[in-house]
K.L.:
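This is the structure I have questions about; it appears just below.
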2 protein chains.
Amino acid sequence: MTEALRTAVDPDHETTLELIETAGDSLCTLLGRCRVEYDGRAASTLDSGDRLVVLKPDGTVLVHTDEGQQPVNWQPPGCTHEADIEDDHLVVRSHRTSPDEKLVVRFGRVVHATAYEATDAAELVLTGTEADLRERILAEPSLLEPGFEPRATERETPAGAVDIYGQDSNGNVVIVELKRRRVGPDAVSQLNRYVAALDRDLHEGTTVRGVLVAPSVTDTARRLLDERSLEFVSLEP
Amino acid sequence: MTEALRTAVDPDHETTLELIETAGDSLCTLLGRCRVEYDGRAASTLDSGDRLVVLKPDGTVLVHTDEGQQPVNWQPPGCTHEADIEDDHLVVRSHRTSPDEKLVVRFGRVVHATAYEATDAAELVLTGTEADLRERILAEPSLLEPGFEPRATERETPAGAVDIYGQDSNGNVVIVELKRRRVGPDAVSQLNRYVAALDRDLHEGTTVRGVLVAPSVTDTARRLLDERSLEFVSLEP
DNA sequence: GTCTTCATGTCGGAT
DNA sequence: ATCCGACGTGAAGAC
């Protein structure tokens with residue numbers, strides 16, 4: 001039987017190197033003290049500290065400190081990485097092109113290393129997204145307002161695609177922008193952009209209404225809505 | 001000497017439970033087959049699969065599959081978590097309030113567990129940010145245009161704070177919006193929002209120019225800039 | 001590839 | 001606590 005897991009406690013660099021190089025489809029974790037350098041879209045350096053480094057078989061690299069949800073440094077999927085021993089350090093280099101980016105993790109000491117052949121066929125089932133909110137309105141358009149009739153989703157305008165495009169009971173065009181959470185000024189600007197684009201394109205005399213749908217709205221956003229004669233409807237996803 | 005690292009290979013649930021409960025300031029990693037449920041701002045379920053679960057001493061929880069840079073499920077820092085054995089499963093529950101969110105990871109089998117007392121005093125030094133671009137312009141305002149004179153940064157308007165507020169050689173007000181990377185329609189809307197707000201506020205007759213500074217601009221954004229009589233200057237951070 | 005927008009975005013700074 | 005915008009945002013879908 002092939003072992004799905006290999007581990008090394010307080011490994012010397014040769015052992016760690018061998019584990020990384022024979023990782024294949026395994027997920028690798030490295031615990032130890034390291035420095036990190038990154039150069040690409042931006043550039044960064046990180047002094048020595050104890051961290052968890054994760055190497056995924058898809059090329060992802062994550063450097064996690066003991067704090068925070070986000071990795072302090074990383075490389076995205078699709079990167080190639082290699083490991084070497086240099087100057088008594090275990091060095092992991094990850095690289096990608098377009099954009100050209102490289103990450104170098106230099107371990108003085110590796111405290112623990114694992115390679116785990118993980119198999120995972122499951123897919124996340126997520127509800128409460130903006131798409132769910134859209135389906136809710138399409139199934140029951142009166143949630144927006146009585147007489148509302150959806151005509152299209154993702155309808156294109158010169159300024160981008162509108163979430164829901166429809167008509168009200170008076171025959172006016174209605175543009176609906178959906179947000180799954182409380183909205184700020186950016187969402188108002190987005191809606192305004194679509195309304196302005198359609199105002200330009202449609203026949204003179206056609207009234208274009210813009211409706212922002214979200215659970216709630218900040219004061220600033222509310223003021224911006226009023227200034228631009230845009231509307232707000234409170235709905236949760 | 002206190003061991004900075006504890007590990008358990010193919011541990012029974014009691015062993016894993018003990019390791020988690022005595023983790024203290026340690027960073028914990030769990031490798032094994034689990035199901036995950038999340039309920040909070042949204043809700044999700046994830047069927048059984050082999051994953052890496054990271055428990056940080058600050059309350060962060062990360063569930064990583066063998067693919068992707070992002071965790072498939074997570075909890076942010078500040079959460080409290082507890083572990084239990086239920087129905088022959090090791091169950092890790094993480095919870096927070098405001099918003100009320102909970103994450104449940106249910107392991108059928110844990111293949112490996114570690115607790116690592118990581119110490120990390122280092123801070124990331126990052127260059128190539130928007131702040132760097134701002135400093136570059138403030139040090140040499142002619143990069144924007146000859147005669148430009150910065151007057152303030154983060155100047156408040158009714159629509160939000162402007163990156164750089166200044167004057168051109170003709171005494172016109174200049175509003176500068178900075179982006180460290182190629183910009184799309186959203187950045188144009190943002191700049192337009194600030195310009196419109198100041199146009200309203202300032203005396204009649206004062207000309208307010210809006211300048212978007214970024215490495216480059218998409219076609220749509222370029223067209224939007226032109227329609228609103230806003231300007232673009234190409235600069236890298 | 002580029003473009004556009006969503007995200008359980010996360011994070012930090014200011015109020 | 002909320003608001004607001006930056007982020008090496010990442011990820012997905014359309015073209």
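Note: hydrogens, waters and symmetry copies are ignored here, and every other heavy atom, side chains too, is used. Each chain gets a letter, A, B and so on, in the order the sequences are listed, and its residues count up from 1.
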K.L.:
Tell me yes or no: between the side chains of B:T127 and B:D132, is some donor less than 3.5 Å from an acceptor?
P.N.:
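No, B:D132 and B:T127 have no side-chain donor paired with an acceptor closer than 3.5 Å.
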K.L.:
Going by side-chain contact (heavy atoms from CB on, under 4.5 Å), name the residues that satisfy it together with A:E236, two or more places apart in sequence or in a different chain.
P.N.:
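By the side-chain contact (heavy atoms from CB on, under 4.5 Å) rule, A:E236 matches A:P215.
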K.L.:
With rounding to whole Å, what would you report as the distance between C:dC6 and C:dT10 at their C1' atoms?
P.N.:
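Here C:dC6 and C:dT10 have their C1' atoms 14 Å from each other.
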K.L.:
Out of D:dT9, C:dT5, D:dC4, which nucleotide sits closest to the side chain of A:R41?
P.N.:
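Per side-chain heavy atoms of A:R41, the pick is D:dT9.
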K.L.:
Testing the 3.5 Å rule here: is there a donor-acceptor pair between the side chains of A:T45 and A:R35?
P.N.:
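A:T45 vs A:R35: no donor-acceptor pair found between side chains.
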K.L.:
Report the nucleotide, chosen from D:dG8, D:dC3, D:dA11, that has the shortest atom-to-atom distance to any side-chain atom of A:R182.
P.N.:
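For the A:R182 side chain, the nearest candidate turns out to be D:dC3.
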K.L.:
When we call it a touch if two heavy atoms are under 4.0 Å apart, what does B:N73 touch: a base, just sugar-phosphate, or nothing?
P.N.:
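Base: the residue B:N73, judged by heavy atoms under 4.0 Å, touches a nucleobase.
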K.L.:
Tell me what A:A221 touches on the nucleic acid: a base, only sugar-phosphate, or nothing, going by heavy atoms under 4.0 Å.
P.N.:
nothing
K.L.:
Would you mind classifying the nucleic acid contact of B:P77 as base, sugar-phosphate or nothing, using non-hydrogen atoms under 4.0 angstrom?
P.N.:
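Sugar-phosphate, backbone atoms only, no base.
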K.L.:
NA contact type, A:G128, heavy-atom cut-off 4.0 Å: base, sugar-phosphate, or nothing?
P.N.:
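Nothing: the residue A:G128, judged by heavy atoms under 4.0 Å, touches no strand.
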K.L.:
Let me know the distance between CD of B:E177 and P of D:dC4, rounded to the nearest Å.
P.N.:
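The answer, rounded to whole Å, is 15 Å.
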K.L.:
Can you check the B:R222 CZ to C:dT4 P distance for me, whole Å?
P.N.:
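The distance from CZ of B:R222 to P of C:dT4 comes to 14 Å, rounded to the nearest Å.
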K.L.:
Looking only at the side chain of B:D163 (C-beta and beyond, no hydrogens), which of the listed nucleotides D:dA6, D:dC4, D:dC7 gets closest?
P.N.:
D:dA6
K.L.:
Which is more 5' along DNA chain C, the nucleotide nearest B:Y38 or the one nearest A:Y194? Just name the residue.
P.N.:
A:Y194
K.L.:
Can you figure out which of D:dC4, D:dA6, D:dA1 approaches the side chain of B:S98 most closely?
P.N.:
D:dA1
K.L.:
For A:E156, which contact category applies under a 4.0 Å heavy-atom criterion: base, sugar-phosphate, or nothing?
P.N.:
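Since no nucleic acid heavy atom lies under 4.0 Å of A:E156, the category is nothing.
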K.L.:
Under 4.0 Å, counting only non-hydrogen atoms across every strand here, what does A:R193 touch: a base, just sugar-phosphate, or nothing?
P.N.:
sugar-phosphate
K.L.:
For A:R180, answer base if it contacts any base atom (sugar-phosphate contacts may also be present), sugar-phosphate if it contacts only those atoms, and nothing otherwise; contact means non-hydrogen atoms under 4.0 Å.
P.N.:
sugar-phosphate
K.L.:
Choosing from D:dG8, D:dC7, C:dC6, which nucleotide comes nearest the side chain of A:Q190?
P.N.:
C:dC6
K.L.:
Measuring from the side chain of B:K179 (C-beta onward, heavy atoms only), which nucleotide among C:dC3, D:dC4, D:dA6 has the closest atom?
P.N.:
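Selected nucleotide (nearest to the side chain): D:dA6.
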K.L.:
Pull out every protein N or O sitting under 3.5 Å from an N or O of nucleotides 13-15 of chain C, one pair per line with the distance.
P.N.:
none

K.L.:
Is B:A187 touching bases, backbone alone, or none of the nucleic acid, heavy atoms closer than 4.0 Å?
P.N.:
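It contacts nothing in the nucleic acid.
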K.L.:
Assuming nearest nucleotide by heavy-atom distance, tell me which of A:G184 and A:P76 is located more 5' along DNA chain D.
P.N.:
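First, find each residue's nearest nucleotide; the 5'-ward one identifies A:G184.
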K.L.:
To the nearest angstrom, how far is A:Q69 atom CD from D:dT9 atom C1'?
P.N.:
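Rounded to the whole Å, the gap is 13 Å.
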K.L.:
Against A:R93, only a single residue in A:H81, A:E82, A:E86 fulfils side-chain hydrogen bond (donor to acceptor under 3.5 Å, both in side chains); can you say which?
P.N.:
A:E86
K.L.:
Among D:dC7, D:dG10, C:dC11, which nucleotide sits nearest the side chain of A:W74?
P.N.:
D:dG10
K.L.:
Measuring from the side chain of A:R96 (C-beta onward, heavy atoms only), which nucleotide among C:dT5, D:dC3, D:dG8 has the closest atom?
P.N.:
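Nearest listed nucleotide: D:dG8.
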K.L.:
Just by distance, with hydrogens left out, do B:R96 and B:Q75 show a side-chain donor and acceptor under 3.5 Å apart?
P.N.:
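There is no such pair (donor and acceptor under 3.5 Å, judged by atom type) between the side chains of B:R96 and B:Q75.
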